[in-house]
Asks: 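Take this structure first; my questions come after.
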Amino acid sequence: MTLGNFAFRVAKGLFTMEGDIKMTGAKGIWVFIESERDEIRKVSLETLCEARKLANGLNEELCALLLGDKVESLAELPPHYGADRVFLMQHESLSYHNVDAHLNVVANLVKENSPRILLFGSTPLAKELAPRLAAQLRVGLVTDAADVKIDASGKLVVRKPVYGGKAHATFACAPATPQMASVAPGFMDVKPPDASRKGEVVKLALVAGGKTNVEFIEFIKGDPRTVAITEAEMIVAVGRGLEKKENLSLIEELADKLGASIGGSRVAVDNGWVPAERQVGMTGKTVAPRLYIACGISGQYPHTVGMERSGTVMVINTDRNAPMFKLADIGVLGDVSQVVPAISKRLSEVIAPPKEKAQ
Amino acid sequence: MNIVVCVKEVPNPTFPVEVDIQKNAVKSEEWNYVINPYDEVALEEAVRIKEKFGGQVTVITLGAERAGAILRKCLCIGADRAILIPSDSAFAWDGFAIANVLSKAISRLPHDIVLCGYQSIDRGGAEVGSIIAELLGLPVVTAVVKLDIAPDGKSATVCRRLERGARAVKRSPLPALFTADLMLNEPRYPTLPCIKWALKQEIEKLDVKSLGVEAGPLTEFVTISRPPPKKVFIPTGALSPAERIKLLTGGGAAKKSSSNIVEGAPHEVAKKVVDFLAEKRFLL
Ligand SMILES: Cc1cc2nc3c(=O)[nH]c(=O)nc-3n(C[C@H](O)[C@H](O)[C@H](O)COP(=O)(O)OP(=O)(O)OC[C@H]3O[C@@H](n4cnc5c(N)ncnc54)[C@H](O)[C@@H]3O)c2cc1C
């Protein structure tokens, strides 16, 4: 594939530092940062925090690559999580779905600056971008990493789940730089941000766009009511504690208010409250939503194996000793049939009039 | 419409995966092999396109001689031609090396569309399709859940699976490469006439050496291990001794402490819960 005709220049801007962005030899660790709804994505922060450790070990610079059509307001954040420098490029052609444009820009930046390591968070964009970039540059890539390290010879060594997570395999990248990996969400910790930490923001301008092969037509938002439970962003899950089918309307009300999908324990499925394809657990689906609300679920191991990688967990249960509370970020000791409608009511007070959820 | 489908064999996912630490390998003696489910969906889509537009479906695999069996199954499902590129060491190869060989082979075949599975269920790289496309200079869209070819056969409109049920609709000129998500279709069962026909077909063999492949793997396999143990719950000092003992004897691995428990009148509890959800930015 031919590359577009590019030229970069350092633009004078608010937080621009004029300077030579060329580095000699392959040096430095780069992290490709993605944003969503005006926030940096969590997996990007996880990758950045992990990359900080690698940079410390190598005693090299950590750079955040922030590209997009509306990202300028985020440029000061990566240093709070450890970046020394931010390469910022804002251009309308760099919309999230334009993989070709991202590819051209990143390939050129890499060729001009020769970083030693380039890391991505594993997202829909990175799933296409990283392999194509690695192929173009003829460098090693390991996708969906659970762990990244640098060995004594300076090689990037990456461990990742294989056989559906039943084993982990470790691979080392060839010495050709940049050595690349994409990091799977949820394996690495995000350190609390240090707002006093400042980094250099280098503003780059896209002078000429490259060729775009695939045309983006439209974005279709998922409907939480019908989306597969494995794809849901938030899940309200019910168990035996729902007590009767009539109470399901309370759960539906809460789920609709939050934009969440409904799931259930095996008991909920056996009772016919929740369809079988929405069962969470060992014999059901494995889910990792941002928010998991367990309503009247005791938290037996066959259930929790299916949801333990969820981001934030809320538990509503009448039994203080229910094992489910051990996974809770917030627990509510109370009856589902009373607590759930109260939360729905409070939500309508806070977000009234029901806001059209923006995409 | 000539379509090339890249397929591979994977261990039947119902078999247990056990790691032999001494040999630094998984115990595979008892395994049998199936078509990677994503590839089976890709093949089904190819056959459907052929049924509508005419043309030929060629399946191609890089793998052990044993992989001839899954190619035969592809013929049963509706492929017209099957090509095996024998290699004993393919599993040790990385996505780049595999894609490099396949792209060389594909470049010799007529292709309006190249279809791959989105990922393999053993190694799960989700990279081979994109790399082949890059090496062949083809447009690519991965994780396709809907594929519509324009009546003139010059372009395709596809739906790409994103997160949380969202989709991106994209249009690409042909030839192009797409990778199939499991939601793209429901693969058919072979019919008896197809099976009878397939049994008589020859599996063509292509020698890697004849392809003039110049580049090898860009990553190397180091070790395979059991998944690391789950983080175990450690009670914090914030809990009473009685609670700690109860939690410890409650069973199950956990990682969080449950000190953040609210109770009381439902409306008061609800207020705290909603504040918590707002603080964590779930109410956007
Ligand atoms: C081989 C095997 C596979 C399995 N696979 C799965 C699986 O995939 N998924 C799965 O979920 N289970 C699975 N199970 C079953 C699992 O072991 C549990 O039995 C099941 O998860 C329990 O469901 P539950 O939490 O809804 O019900 P229970 O364990 O009965 O718990 C009900 C909970 O609700 C609370 N409660 C009761 N009333 C109220 C109320 N009014 N308000 C609030 N709380 C209340 C109780 O205190 C209790 O904690 C499997 C079991 C086996 C043996």
Asks: Among B:His267, B:Arg161, B:Lys271, which residue has the highest count of heavy-atom pairs closer than 4.5 Å to chain A?
Replies: B:Lys271
Asks: Identify which part of B:Val128 has an atom lying under 4.5 Å from any heavy atom of chain A, answering side chain, backbone, both or neither.
Replies: neither
Asks: Hey, are B:Ser130 and A:Glu128 close enough side-chain-wise for a donor-acceptor pair under 3.5 Å?
Replies: no
Asks: Measure B:Val19 against the heavy atoms of chain A and call it side chain, backbone, both or neither at under 4.5 Å.
Replies: side chain
Asks: Among A:Ile217, A:Asp335, A:Val340, A:Val99, who wins on heavy-atom pairs under 4.5 Å with chain B?
Replies: A:Ile217
Asks: Answer with side chain, backbone, both or neither: which region of B:Ile131 has an atom nearer than 4.5 Å to a non-hydrogen atom of chain A?
Replies: both
Asks: Indicate whether the side chain of A:Tyr96 and that of A:Glu34 have a donor and an acceptor atom separated by less than 3.5 Å.
Replies: yes
Asks: Is chain A contacted by the side chain of B:Val262, its backbone, both, or neither, given a heavy-atom distance below 4.5 Å?
Replies: both
Asks: Top residue by heavy-atom pair count (under 4.5 Å) with chain B, among A:Leu333, A:Ile330, A:Val332?
Replies: A:Ile330
Asks: Taking every heavy-atom pair that is under 4.5 Å apart, which of B:Gly124, B:Ala265, B:Ser225 has the most such pairs with chain A?
Replies: B:Ser225
Asks: Do B:Arg160's NZ or CZ and the ring of A:Phe216 fall within the cation-pi criteria of under 6.0 Å and 45°?
Replies: no
Asks: Between B:Glu268, B:Arg167, B:Lys280, which has the largest tally of heavy atom pairs under 4.5 Å with chain A?
Replies: B:Arg167
Asks: Look at A:Glu233, A:Lys345, A:His168 and state which one has the largest set of heavy-atom pairs under 4.5 Å with chain B.
Replies: A:His168
Asks: Given the options A:Val157, A:Thr143, A:Ile220, which has more heavy-atom pairs under 4.5 Å with chain B than any of the others?
Replies: A:Ile220
Asks: For the pair A:Lys166 and B:Glu18, find out whether any cationic side-chain nitrogen is under 4.0 Å from an anionic carboxylate oxygen.
Replies: no
Asks: Please find the pair of heavy atoms, one from A:Val43 and one from A:Pro185, that lie closest to each other, and give the distance.
Replies: CG2-CA, 3.7 Å
Asks: Are the aromatic rings of A:Tyr163 and B:Trp31 close, with centres under 6.0 Å apart?
Replies: yes
Asks: By a 4.5 Å heavy-atom criterion (distance strictly below it), what part of B:Thr157 contacts chain A: side chain, backbone, both, or neither?
Replies: side chain
Asks: Among A:Val339, A:Leu125, A:Val139, single out the residue with the greatest number of heavy-atom pairs under 4.5 Å to chain B.
Replies: A:Val139
Asks: Please look at B:Pro13 and chain A and tell me whether the side chain, the backbone, both or neither of the residue comes under 4.5 angstrom of a heavy atom of that chain.
Replies: backbone
Asks: Side chain, backbone, both or neither: which part of B:Leu277 has an atom under 4.5 Å from a heavy atom of chain A?
Replies: side chain
Asks: Could you pull out every donor-acceptor pair under 3.5 Å between side chains of residues 175-182 of chain A and any protein atom, sequence neighbours left out?
Replies:
from: A:Gln179; atom 1: OE1; to: A:Leu156; atom 2: N; distance (Å): 2.5
from: A:Gln179; atom 1: NE2; to: A:Gly154; atom 2: O; distance (Å): 3.4
from: A:Ser182; atom 1: OG; to: A:Asp144; atom 2: N; distance (Å): 2.9

Asks: For the interface with chain B, which of A:Ala172, A:Gly140, A:Ala135, A:Ala260 has the highest count of heavy-atom pairs at distances below 4.5 Å?
Replies: A:Ala172
Asks: Could you have a look at B:Ser172, B:Pro266, B:Pro227 and say which one has the most heavy-atom pairs with chain A under 4.5 angstrom?
Replies: B:Pro227
